[in-house]
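Taking it in order: structure first as structure tokens, then the write-up.
When a ligand or atom number is given, it counts from 1 through the structure's own listing order.
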Amino acid sequence: MRSLRSGLLARRSWVCMQCRQASSTSVAAHNRKTKLPDFPARTRFAPSPTGYLHLGSLRTALFNYLLAKRTGGQFLLRIEDTDQKRTIPGAEKRLYEDLQWAGLQWDEGPVVGGPYGPYRQSGRTSIYRDHVHDLIQKGHAYRCFCSAKRLDTLARHRSQAGLSPGYDRKCADILHEHAENRAAEGETHVVRLKVEEYPSFEDLVYGRTGQNRPVKKLDFIDRVYDDPILLKSDGHPTYHLANVVDDHLMKITHVIRGTEWMPSTPLHVALYNAFNWTPPQFGHVPLLVDKSGQKLSKRNADIDLTFFKGKQGILPASLVNFAALLGWSHTSKSDLFNLEELSKIFNLKITRGNTVVAFEKLWFLQKAHAQRIVSNGGSELDNLVSNISNKVKTTIPEKKLSSVLKSRTLSELITPLLQADAKSFTNASEFITRNSTFFTPDLKRPTYTPNNPYIPIQSLHTAAAALTLVPEPHWTIQTHKHNISIYDGGSTLLEDTPPTKGQDAEIAHAAADKAFKKELYNYLRWALSAGKPGPGIPETLAILGREESVRRLREAMDLTVDKGAINPVTARRAKEREAKRKAEAETQDQSWMGSLAPRS
Ligand code: GLU
């Protein structure tokens, strides 16, 4: 039995050789095209706490995150705080908050830990020193005791002669034991990498990059070399050393970073070679520029995330979606993706050349994500509602608010309002301003101006009163839609001006009904929201709730009573009709539907 089962299982999973080859070739071909590795990538975001997360660095973090998630790998966070002097207090904490706000939770790094920590470079000084020691032993690095004065003079002479900067490798000639003794005695020095060549490398975005540039330059002053500093005189590593050592020890397979780091990459590859390590794969993402081709800066919106989060009220999903589209192309029909969807389709088809940032797209995505969040519900909707609630509480006086809310909670008002208004959503403040009439009982209506002065105001009062007969449990958008649609405005009008002989009664009725409904909408919008554009009338009635809607309609009636009567007969008939309707409503228990039925 057991062997039969395992035989079946084996047979089920058996794939013929040709198919297996075909499928593995197609996966390989797909991966070649999309430049995705066929193993789980380990990526990292390595910010320096010398500034905050901005649009460009959010994109770098995001691409690294997505590559790791797409391939089932890990995304690391490493704090590169080697430049202690430029470190901004609080920047590290803000980085964590901003990354988490965007949903880019790291698998290894500060706070969460991991097997290759510590993940803050200031805690790894001894690791760098040990590695530099190794390089010195192997002859790939040397101690340089040149004084600042000597280096200054050298630099000045070279600059005066119009030559590029460089070091003459004076200290490379010091005997190893001699140099070690001087260091042991505490003589101030740095450690330099002995670079013979800057190798070219294969960039995932730009292809083969660099020219295997030899670094030895002979000019009329002396031999000069780059020989970059690895360890500073205070014993701390430079960015290059720490970055390479950490990427290797943390088993990083892919380094996705901005093109501003591209000139450093040949040096990094030289360092990998000196250590005899395999470098990770590098992919440099293009610069972000504004519409006039200027590099994005503080002046033209490469502002830190606080601006987008706080001032502009951008939703995390919208900003992540926007950042993902900066330089990355996909084949889906729509540009609308949340983080999870991006994690499934991301690849390394990244465009070369500068990426123009057009903020109109951000607002388009914002509206689209707001609608999605509203229709999906769940925690994202709860967050959005509570965000708006907090803003409402700080902008609308408590008394006004409680007067419209009556027995409802603020989120019970905001949720349906958001559902009706999501297509226009930009941010909480704008939402509150646009929908201000829902948050206050003081409507400040302008004088009512009918579009069609031939429709008696009393008939509008009657229709409005009829709508309010709906009892609380049935006070829904659907009921109001239905009731408005079946309300027979045609009869109301034709009662006063019946069709003349020969006129098609049905056509006349339909035309009268249309004219009446148009005016009714105009009146109700004025009555309920002071004429401001916004959610439809059935939605407005439902959002305001029965009590507040009734109050507003009564108030509106008091403001317009008798004003629109065009002749005494019309006024009398309208009054009679209203009296009849009231009497009917009082006698019928289920009157809310019956009262709206077409009149005889
Ligand atoms: N610490 C560097 C930065 O601030 C990291 C560069 C890299 O990703 O190698 O951007």
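Heavy atoms of N243 found under 4.0 angstrom from ligand 1 belong exclusively to the side chain. In H240, neither the side chain nor the backbone holds a heavy atom less than 4.0 Å from any atom of ligand 1.
Between Y239 and W261, the distance from one ring center to the other falls under 6.0 angstrom.
Classification of the Y96-W106 ring pair by plane angle, with boundaries at 30° and 60°, yields tilted.
Annotation: K311, atom NZ; neighbour count of heavy atoms from other residues, nucleotides and ligands within 6.0 Å does not exceed 12. Under a cut-off of 6.0 angstrom, the local environment of NZ in K361 is crowded, with over 12 non-hydrogen atoms contributed by other residues, nucleotides or ligands. Heavy atoms of other residues, nucleotides or ligands lying less than 6.0 angstrom from CG of N276 number 12 at most.
Of the listed residues (Y239, F282, W261), the one carrying the non-hydrogen atom nearest atom 3 (C) of ligand 1 is W261. Nearest to atom 2 (C) of ligand 1 by heavy atom, out of G258, P47, A61, A46, is A46. Heavy-atom proximity to atom 9 (O) of ligand 1, evaluated over Q121, E260, R257, is greatest for R257.
For atom 4 (O) of ligand 1, the closest non-hydrogen atom on the protein side is S48 OG, 3.2 Å. Ranking protein heavy atoms by distance to atom 8 (O) of ligand 1, first place goes to R44 NH1, 2.6 Å.
Interface atoms of ligand 1 facing E80, defined by a heavy-atom separation under 4.0 Å, are 1 (N), 2 (C), 5 (C).
H330 and D335 share a donor-acceptor pair across their side chains, judged by distance under 3.5 Å alone.
Between V255 and ligand 1, not a single N/O pair is under 3.5 Å apart.
Ligand 1 has no atom lying under 4.0 Å from any heavy atom of F45.
When every heavy atom of V285 is checked against every heavy atom of I350, the shortest pair comes out as CG1-CD1, 3.9 Å.
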